[in-house]
Structures are given as structure tokens and as C-alpha cells.
Amino acid sequence: MIEKSTAQNIQLEYGRYILMWLALVALSALSIALSSFVRGDIQIIAVIAAAVIQAAILLVVFMGLRLKDAIVRFFIGFILLYLIFNTVLFFLTPAAA
Amino acid sequence: MNGTEQTNPISLPSERPGVLMWVFLFTELLLFGILFTDFAKEKYYHYAGFSAAAEELNLILAALSTFILLTASLTTALAYNAVREKRNDIAFFLLAVSVLLTLFFAVNRIVEYGQLTDMGLVSGTEEMVKRSEGENIFFNLYYWLNIAHFLHAAAGIVILSIAAWLIRRSAEKTNAARLLMNTGLYVHTVTIIWLFIFPLCYIIG
């Protein structure tokens, strides 16, 4: 039998999932809108930032990722370093071609 | 009938996925990460070609794909919650919706690839010979990224279907519950990867 408090928590999670899904859809709509109004580096930064926020929502809310786990901290650290590397590569590579 | 009156409830052995599952998902992200890096580098060197090529893509179909995958992620997450409440019938229904949505996503992708093929925008065609080097590189990377993701989505359809079937039968109860937890993680990972493909190819490109 499910404990009452656990059942209430699960009910709350249904609402939280739907709310987060609305946020994800809104962020996608924002990205598309930005493609019409903004150009250049600002557009790239804004659109990538929207994608990173969406990924974070999915990881934390939908996938239940918890920072307390050492393995998760390791993976997040690695991914952050990778993102920084990618950003540097994207913006600062000398145009040799 | 409420959740506690269900017959054959599925009990969750653990609320935490195993380390191996995270390692597997990490390798998936790493695989696509390498392709994203290559895309970013080539876009820098072939800015004009990438911009011209991206104009050929169908933003509406891609936006629809994004909406479909986000909704499939939602229904999968809700299905996992339903299993935790021991509402197996609702979980099965939500998983069936996830399967249908992912199938719709796959059809949507095939329609877009068909449009591009009709336009001759496939490697080796006369149309591509006429195009600039940047446009050729863009479409090569576009197909690598999108077909790799399409195959992952197709695998997701199979995994979701197996999870739905196991929950419907309530056979191998413990395994079905764990499978649903891991299925959810896989589906969400496929969605996360698409959330980066979409802006890279269709908006920034």
C-alpha cells in the first residue's frame, strides 16, 4: 500500500512534469522566434543557452539527476569542460581557410 | 478503480538507475558531442555555405519534431510516475502514447529526408556538385547527425514497446519496473540530443 505522503508527492510530480513540459515548449518557441529577430553571435549564444536550459530541465526533473552522486558530478564536470572547449573552438578558432 | 486496488502491481526495486546506465548515456552524449564539435568547427570555416544550406531545411517540420519529442518525454515520465503509484493500466496507456509519438517523429523525419532527396540535396547528386564546398559539408554533417539520431529514436520505439508490453503482461514484474526507469532515461537522452541538433542545423545554421 502506498503511504499517503508518498502518494501526495507523486501527485505533485504530475503537475511539476506538465509545468516543466510547458517551459520546454516555450523555450523551443523562443529559439524559433530568435531566429527571426536576432542574428550573429548573440543569436548563437541565446539559442545554445536555451538548449542548455532545456537539457538541464530534462536531466534534473525528468531524469531525476541528483548532484550528490559522485559519478554524476564527474560527468557534469566533464560535460561542462567539453562545452567550454567547444565554445572556445566555435568562437576563437583563427580563420585559416 | 484506484491505484491501490490494482492487481499485479509492479514494485520498484530501486529508485536509482545503475552506474552502467549513466555510463551508457554518457557515451551516447559523447558520440554526438564529437559531431557537434565538428559541425561548429566547419560552420566557422564555411559560414556562408552553412547559412545558404540551412535555408533549404524545413523549419516547420523540425519544430514539429521538437514538440513531438518533448511530449514523448513527458508521457514517458508520467508513465514512470504511474508505475510508482501502481497504476499499471495508466502507465501502459502513457507508454503507448509515447510509442505513437516517437513513431510520428520518425515519419516526420522520413518526410523531411524525402523532401531533401527530391531536391537533390544528397551527397553525389548533380545538384550537390553545383553547390559550394560549405553546402556539401553542411549536408554531409546534417545527414550524419540526423540519421544517427533517427536510429536512436527507432531503438527508442522498440524499447518503449517492450516496456509497454511487459507492463501490460505484468510478467517479470521487477525487471519491467527497472526497464521502465531505464527506458525513460534513454528516451530523455534522445530528446536532449535533438534539443541540440535542432538549433545547430535549423536555427544557427
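Keep in mind the model is a prediction, meaning the values are calculated, not measured.
Using a 4.5 Å cut-off between heavy atoms, B:L29 contacts chain A through its side chain alone, with no backbone atom that close. Of the two parts of B:V187, neither the backbone nor the side chain holds a non-hydrogen atom closer than 4.5 Å to a non-hydrogen atom of chain A. For a residue to count as touching a neighbouring chain, one of its non-hydrogen atoms must lie under 4.5 Å from one of that chain's; by this rule A:I18 touches chain B with backbone and side chain alike.
Considering B:L69, B:L59, B:I193 as possible partners of B:F198, the one that fulfils the side-chain contact (heavy atoms from CB on, under 4.5 Å) test is B:L59.
When the salt bridge (charged side-chain N to carboxylate O under 4.0 Å, His left out) test is applied to B:E56, the partners found at least two apart in sequence or on another chain are B:R131.
Top candidate by heavy-atom pairs under 4.5 Å with chain A, chosen from B:I192, B:T191, B:L74, is B:L74. Chain A forms the most heavy-atom pairs under 4.5 Å with one residue out of B:A77, B:A63, B:G184, and that residue is B:A77. Most heavy-atom pairs under 4.5 Å with chain A, from the set B:T71, B:T66, B:T189: that is B:T71.
Taking the six-membered ring for Trp and thresholds of 30 and 60 degrees, B:F67 and A:W21 have ring planes inclined between 30 and 60 degrees apart. Relative orientation of the B:H46 and B:F50 rings is parallel, given thresholds of 30° and 60° on the angle between their planes. Using bins of under 30°, 30° to 60° and over 60° for the plane-to-plane angle, the ring pair B:W194/B:H149 lands in the tilted bin.
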